[in-house]
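Report on the structure given below.
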Amino acid sequence: MNNLRIRRTALAVAAAALLPFSLAACSGSSDDTKAAAPTTAQDTATTEATPTEDAMTDDQPFGPACAGVPKDGAGSFDGMAKDPVATAASNNPALSTLVAAVKKAGLVDTLNNAQNITVFAPTNEAFAKIPKADLDKVLADKATLTKILTYHVVGQKLTPKQLESGSFETLQKGMVTTAGSGEAYKVNDTSNVVCGNVKTANANVYIVDTVLMPK
C-alpha cells in the first residue's frame, strides 16, 4: 500500500510540473499565429490592390459615345487595338462615312503605315451636319478631301492630359487647338470629343461630333 501511494504521489507531482510547460507552449503557438495572420493579410492587400487599380483607370476610353462601341469582335476596343487605325476604323459602324472618305482620298495605306499618330475621327453624324450637296462636292474632289482628312491627323500620340490646353500641327500642316479636362474636351472650340483615348495598333483616336475644317 505504501508503495502504491508513493507511486501515485510521484505521478501527480510530475503531472503538475509538466502542465505549466504544456499550457505555455499552446498559448505561445496560438499567440504567434494570431499575431502573424493580420500582418500577412495586410501586406498582401497593400502590395496587390492600389497599383493595379490605378493602372486600369488611367488609360481607358471615355465619353458618352463609347457606349455605342461593340462589346466584342474587331470593332470593339480590344479588337481595334490590334489593327492599324484605318483598318480599325473600318470595323466601327459609327465611322463608316469617314472610312469611305479615307478610301476615296487614297489614304488607307498612309494612315495604316504611319507610326504614333493621333486621329480626330468624325462620326457619321458629324458628316451629316454638312449639307449633302457640299459633302458630295468634297467627296468628289480628291485634293480638297485629302486636305480635310489630313487636317484631322496629328503626328504624335496625344494623351488626354495633353488635350487640356494644346496646339498641335497636323499632317495637313495646319494647327488644331484643344481644351478641356476630365472627360470633356473640345477641338477648335467647335467639335466635342464624344469617345476619347481609343487605342489602335499605331494611333490614339478621339472620336468627335463635328468635322474639322482647315483654317
Side-chain angles (χ1 to χ4, degrees), residues 54-69 75-77 80-81 83-102 105 107-108 110-130 134-135 138 144-215:
D54 289 346
M56 289 178 66
T57 55
D58 284 347
D59 210 26
Q60 297 298 308
F62 62 85
C66 291
V69 174
S76 67
F77 291 130
M80 291 179 72
D83 291 322
V85 64
T87 302
S90 70
N91 293 319
N92 188 321
L95 301 177
S96 59
T97 305
L98 172 63
V99 171
V102 168
L107 293 174
V108 172
T110 299
L111 294 178
N112 277 348
N113 293 327
Q115 295 299 314
N116 299 321
I117 59 175
T118 292
V119 176
F120 295 103
T123 61
N124 296 340
E125 289 77 10
F127 281 100
K129 292 179 181 180
I130 302 172
D134 293 340
L135 180 59
V138 169
T144 300
L145 183 60
T146 299
K147 183 178 180 180
I148 292 172
L149 293 176
T150 53
Y151 183 67
H152 288 74
V153 183
V154 173
Q156 59 177 306
K157 282 186 176 182
L158 300 177
T159 65
K161 184 70 176 176
Q162 288 175 285
L163 298 188
E164 290 182 0
S165 179
S167 180
F168 309 100
E169 185 178 57
T170 69
L171 296 192
Q172 180 266 339
K173 300 304 181 184
M175 301 295 292
V176 293
T177 59
T178 60
S181 63
E183 296 188 359
Y185 297 91
K186 280 185 175 290
V187 185
N188 287 354
D189 294 324
T190 58
S191 188
N192 297 296
V193 174
V194 293
C195 183
N197 209 28
V198 179
K199 303 300 175 63
T200 75
N202 66 329
N204 285 353
V205 177
Y206 294 88
I207 300 175
V208 295
D209 67 356
T210 304
V211 177
L212 307 174
M213 291 299 177
K215 297 178 179 179

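- Side-chain atoms of Asn188 never come within 3.5 Å of backbone atoms of Thr190 as a donor-acceptor pair (strictly under, hydrogens ignored).
- In this structure, Gly63 and Glu183 approach most closely via the heavy-atom pair N-OE1, 4.1 Å.
- Within the 4.5 Å cutoff, no side-chain heavy atoms of Asp59 are placed close to those of Thr159.
- Of the inter-residue distances, the one linking Phe120 atom CZ with Leu163 atom CG reads 5.5 Å to the nearest 0.5 angstrom.
- Between Ala203 and Val85 the shortest heavy-atom distance is CB-CB, 3.9 Å.
- When all heavy atoms of Pro122 and Val211 are compared, the pair lying nearest together is CB-CG2, 3.9 Å.
- Using a 4.5 Å heavy-atom cutoff, the side chains of Ile207 and Asn92 are in contact.
- With hydrogens and angles ignored, the 3.5 Å screen pairs a side-chain donor or acceptor of Asn124 with a backbone N or O of Ser96.
- Counting heavy atoms from C-beta on, the side chains of Val153 and Thr170 never come closer than 4.5 Å.
- Judged by distance alone, the side chain of Ser191 and the main-chain N or O of Val187 form no donor-acceptor pair under 3.5 Å.
- Distance check, rounded to the nearest 0.5 Å: OH of Tyr206 to CG of Leu158 gives 6.5 Å.
- Put simply, CG on Asn192 and OG1 on Thr210 are 6.5 Å apart, with the number rounded to the nearest 0.5 Å.
- Within the 4.5 Å cutoff, side-chain heavy atoms of Ile148 are placed close to those of Met213.
- Annotation: the span from Thr177 atom OG1 to Leu212 atom CG amounts to 9.5 Å, rounded to 0.5 Å.
- Listed by first and then second residue, the ring-ring contact (aromatic ring centres under 6.0 Å, His included) pairs involving residues 144-184 amount to none (not counting sequence neighbours).
- Across every non-hydrogen atom of Ala121 and Leu98, the tightest pair is CB-CD2, 3.6 Å.
- Between the CD atom of Gln162 and the OG1 atom of Thr178 there is a distance of 8.5 Å, given to the nearest 0.5 Å.
- The backbone N or O of Lys199 lies less than 3.5 Å from no partner atom in the side chain of Lys157, so there is not a single donor-acceptor pair.
- From Ile117, atom CD1 reaches atom CG of Asn202 across 5.0 Å, with rounding to the nearest 0.5 Å.
- Closest approach of Gly196 and Cys66 over heavy atoms only: N-SG, 4.3 Å.
- Taking a 6.0 Å sphere around NZ of Lys186, one finds it holds more than 12 heavy atoms contributed by other residues, nucleotides or ligands.
- The two residues Phe62 and Pro160 make their nearest non-hydrogen contact at CE2-CG, 3.8 Å.
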